[in-house]
Amino acid sequence: MKALELPPTYDPSTIERAIYQRWMDAGVFTADNASDRDPYVIVIPPPNVTDVLHMGHGLNNTLQDVLIRFERMRGREALWLPGTDHAGIATQNVVERVIAQEGLTRHDVGRDAFVKRIWSHVETKGSTILEQLKAIGASCDWSRTRFTLDEEYSRAVIKVFVTLYHEDLLYRGHRVIHWCPRCSTSLSDEEAEFHDRTAQLYHIRYRLRDEPQRHVVVATTRPETMFGDVCLVFHPDDERFADVNGRSVLIPLSDIEIPIGTSDHVEQDFGTGMLKVTPAHDANDFDIANESPLDLDRPVVIDEHAKMTNIDRVPVSLQGLDRDEARKQTVELLEKAGLMDRIEPYEHRVRKCYRCHTIVEPFLSDQWFVKMKPLAAPALAAYRQGDIRFVPERWGKVYENWLEDIRDWNISRQLWWGHRIPAWYCTSESCGKTIVAESAPNKCECGAVLRQDEDVLDTWFSSWLWPFATLGWPNKTPDVRRFYPNHSMVTGPDIIFFWVARMIMAGFHFMGEKPFTTVYLNGMVRDTQNRKMSKSLGNGIDPLHVVERYGADALRYTVVAGSATGADVNLDPDDLDTSFAVGRNFANKLWNIGRFILTNLEKPVTPIAAIDAGQMELADRWILARTQRAVTETTEALDAFRFSETANTIYHFLWDEVADWYIEQVKPRLGQDGPSGEIARSVLGRTLHRRAVTGRCRPLYSR
RNA sequence: GGGCGAAUAGCUCAGUUGGUUUAGAGCGCCUGCCUUACAAGCAGGAAGUCGGGGGUUCGAAUCCCUCUUCGCCCACCA
């Protein structure tokens, strides 16, 4: 390569791709499970298979790449394992939208055909994000790419389900869960996110049955659910209602008689102190009904489409109406009947589906749950003993608090895209046996036909196995032996509950060991108004566009330098030149330093080891000392996950000390033929050699 | 109702356990330079009561208290 023929201004588009190809051809990203080097492993937070690269991925993956390259340079057997997540709800939604354009629903298409349709979508459109990661320079071991629905991976998922079942840590339960009427599936507690909103608190009059001129007032935000009421309760200490205890009231508009009882779940200060209990439509009410000494029914008045059911408890005029319309009409009917005491504006929180933001409906149904308390115990202990560390530390508390108060995990989803639940039910009513097994039995012991559970597993029920299932578990593969546990987990704090905590629990339970040592939580990428970058706000920056304009290094340097440990990165989508100036300018500077050195290395160079310190000039010794200092500082900073400090150190060392000071200082000597020139050239070359970092002498840009 | 984070030059941000900083960088701005690696550059410069108030200390942007403004997370007050 003749440096003088290169353009003075760095043009990354012509260079980066070729260098990446050289790395690939040389196989430098491929980890060797038979080497005697100390392993260093990171598994990528698998992006959704249909995802398109955004700045969040850019930041997250750059940080991982920095760590993996640092350890690779240090001489460790570095494995960065890539892959994608099938992302049950998200992917199914994408393909449902596609077929909707053909006027079809998934039910029109049918289960098998629809799943095939998703597979073909995934095969053609999927995994582009992995190609995009290559464009930003990610040094993943692509030979080990995994997908959560791979055959081998799926076997691990099924095995885990069956194992937990036999350990009595997994069960089928009948209870009120969060239901998304749009996605028509149940959700875990974590998937139903709280959102503030202003609503109305309706105060409704329930007449006493034996004293119709008298009524008790109950406050609710969801009047349409009252047809599912089974009783009213007040706090046992509440004197105000002592005289109605044990008596009964009539549900307005339907005149169904329900009793009044007590429960210490009731907050005396809230509303009127009298609570309506609707066990099929509120998890808390379900518990109250279960704890009640009365034999209470659980009538379902809102169905899975969020429509009023046709049971005769529901007034005919309301049957089949959407929940919002039903609410409106219920309110009107109550007002007409003089049973609406008052309506107050009310600030409260509703839960929304994390995928489509539809308000979820509490729904009574059969779902599979994992008992979490026993799994949480070792995960909690490991954190408290300091075996697992969070950076920044404060996230450790978040993790700890969640685990301390963990609730059982609803893992069944009424979707078609995912791992089908390995449970079979005997169709004979007299038998009714449930069989949970890795492979399908032909028939029940009783001789009757078995029917497999229709549901699939929560996406997170597969990704919580990611640190070891990607290595080939449950087989005892060389990769499992060599690369588990992993070392660093780099991800966002928003999925501590969804993913990080669960991986730790799974790691201890199935591998008997923590999945990784350090969890690094990176910040969010935001715009200049501090808003999260998102498609809907239109304030996103396309990382590939940045790569095209300024190069991957400019992108990478900018995001790494731009955030302190775990802090958010702010960038201006309307001014990319300014946003990425630091990275672009620095990449250009590096290019020119390199160009300058290469020009001079065409002349003879004395090997650095052969130079006696006494022959060096003060400037030579100075820059070598500064080089050593930069190496030390960089190493210390990276060991402590202080990425921006690393970036800063390298920047000032190369720019201020090497370029502005040393190069300018030795320029007159560089062209000379004698020892002085040879030494200057050698020392200059040394400042950019990775040997400075690793003790092995190879050029910066190769293995 | 709990918990957490942020507030430092016009803009975007560093500042690791209180003291080598009389507060740093990039962009922008001002002055002079096309000095053959780089004008995406070089030499130099202006610019901040480190959100307000109080406290601890010989010493605080850094620790404590409090207030203000943004942002985030958790929670079975319907």
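Residue numbers start from 1 in every chain, and the chains themselves are labelled A, B, ... in the order their sequence lines are given, proteins ahead of strands.
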With heavy atoms under 4.0 Å as the rule, sort [X] into base, sugar-phosphate or nothing.
X	result
A:Ala659	base
A:Trp661	nothing
A:Glu636	nothing
A:Arg642	base
A:Ile663	base
A:Asp660	sugar-phosphate

Measure from [atom1] on [X] to [atom2] on [N] and round the result to the nearest Å.
X	N	atom1	atom2	value
A:Tyr662	B:C42	OH	P	19 Å
A:Leu598	B:C38	CG	P	14 Å
A:Asn570	B:G71	CG	P	14 Å
A:Leu638	B:U16	CG	C1'	13 Å
A:Phe596	B:C42	CZ	C1'	14 Å
A:Phe580	B:C13	CZ	C1'	14 Å
A:Arg584	B:A40	CZ	P	7 Å
A:Asp568	B:A7	CG	P	11 Å

Does the protein touch nucleotides 23-33 of chain B at the base, only the backbone, or not at all? Give it as B, S and - per nucleotide, heavy atoms under 4.0 Å. ---SS------
Nucleotides 72-78 of chain B: protein proximity per nucleotide (B base, S sugar-phosphate only, - neither; heavy atom, under 4.0 Å): --SBBBB
Non-neighbouring partners of A:Phe653 that pass ring pair (Phe, Tyr, Trp, His ring centres under 6.0 Å), sequence neighbours left out: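 Counting only residues at least two positions away or on another chain, A:Phe653 forms no ring pair (Phe, Tyr, Trp, His ring centres under 6.0 Å).
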Integer angstrom distance from the [atom1] of [N] to that of [M]:
N	M	atom1	value
B:G45	B:U49	C1'	23 Å
B:A6	B:G44	P	35 Å
B:C63	B:C4	P	14 Å
B:C77	B:C72	C1'	23 Å
B:U17	B:A40	P	39 Å
B:C34	B:A39	P	13 Å
B:G51	B:U16	P	14 Å
B:G54	B:A61	P	14 Å

For A:Tyr399, the option from A:Phe390, A:Phe497, A:Trp499 that meets ring pair (Phe, Tyr, Trp, His ring centres under 6.0 Å):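 Going through A:Phe390, A:Phe497, A:Trp499 one by one, the ring pair (Phe, Tyr, Trp, His ring centres under 6.0 Å) with A:Tyr399 is satisfied by A:Phe390 alone.
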Can you see whether A:Phe369 has A:Arg175 sitting over its ring - NZ or CZ less than 6.0 Å from the centre and within 45° of the normal?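 Verdict for A:Phe369: a cation-pi partner in A:Arg175.
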Minimum-distance nucleotide (side-chain atoms of A:Ile593 versus B:G5, B:U16, B:A37):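 Closest nucleotide among those given: B:A37.
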Distance-only donor-acceptor test (3.5 Å): side chain A:Glu664, base B:A43: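 Answer is no: no donor-acceptor pair is held.
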If the threshold is 4.0 Å, N to carboxylate O, is there a salt bridge linking A:Asp297 and A:Arg313?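 Here A:Asp297 does not pair with A:Arg313 in a salt bridge, since their nearest N and O are not under 4.0 Å apart.
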Quick test of your reading of the model: are A:Asp577 and A:Arg549 salt-bridged, counting only N-O distances below 4.0 Å?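 Result for this pair is yes, salt bridge flagged.
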Relative to the 5' end of RNA chain B, which residue comes earlier, A:Ser644 or A:Trp655, by the nucleotide with the nearest heavy atom?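 The 5'-side residue here is A:Ser644.
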Contact summary for A:Leu654 and A:Ile593, nearest pair of heavy atoms: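 So the two residues come closest at O-CD1, 3.7 Å.
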If a pair means Watson-Crick or G-U wobble with both distances below 3.5 Å, what does RNA chain B look like in dot-bracket form, with | marking bases paired to a different strand? (((((((..((((.....[....)))).(((((.......))))).....(((((..]....))))))))))))....
Does B:A40 have OP1 or OP2 sitting under 4.0 Å from an N or O in the side chain of A:Trp591?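 So the side chain of A:Trp591 is outside the cut-off, no N or O lying under 4.0 Å from OP1 or OP2 of B:A40.
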With a 4.0 Å cutoff (strictly under), does any side-chain N or O of A:Lys589 reach OP1 or OP2 of B:C42?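 A:Lys589 to B:C42 OP1/OP2: side-chain N or O found under 4.0 Å.
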Quick test of your reading: applying ring-ring contact (aromatic ring centres under 6.0 Å, His included), list the pairs with at least one residue in residues 562-585 of chain A, sequence neighbours left out, ordered by first then second residue.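 Counting only pairs at least two positions apart or across chains, no ring-ring contact (aromatic ring centres under 6.0 Å, His included) contact touches residues 562-585 of chain A.
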Without placing hydrogens or testing angles, list every side-chain donor-acceptor pair under 3.5 Å for residues 339-350 of chain A, not counting sequence neighbours.
unit_1   : atom_1 : unit_2   : atom_2 : d
A:Asp341 : OD1    : A:Arg205 : NE     : 2.8
A:Asp341 : OD1    : A:Arg205 : NH2    : 2.9
A:Arg342 : NE     : A:Glu344 : OE2    : 3.0
A:Arg342 : NH2    : A:His203 : NE2    : 3.3
A:Glu347 : OE2    : A:Thr198 : OG1    : 2.7

Taking the six-membered ring for Trp and the single ring otherwise, decide whether the centroids of A:Trp622 and A:Trp661 are under 6.0 Å apart.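 Yes, they do, as the ring centres are separated by less than 6.0 Å.
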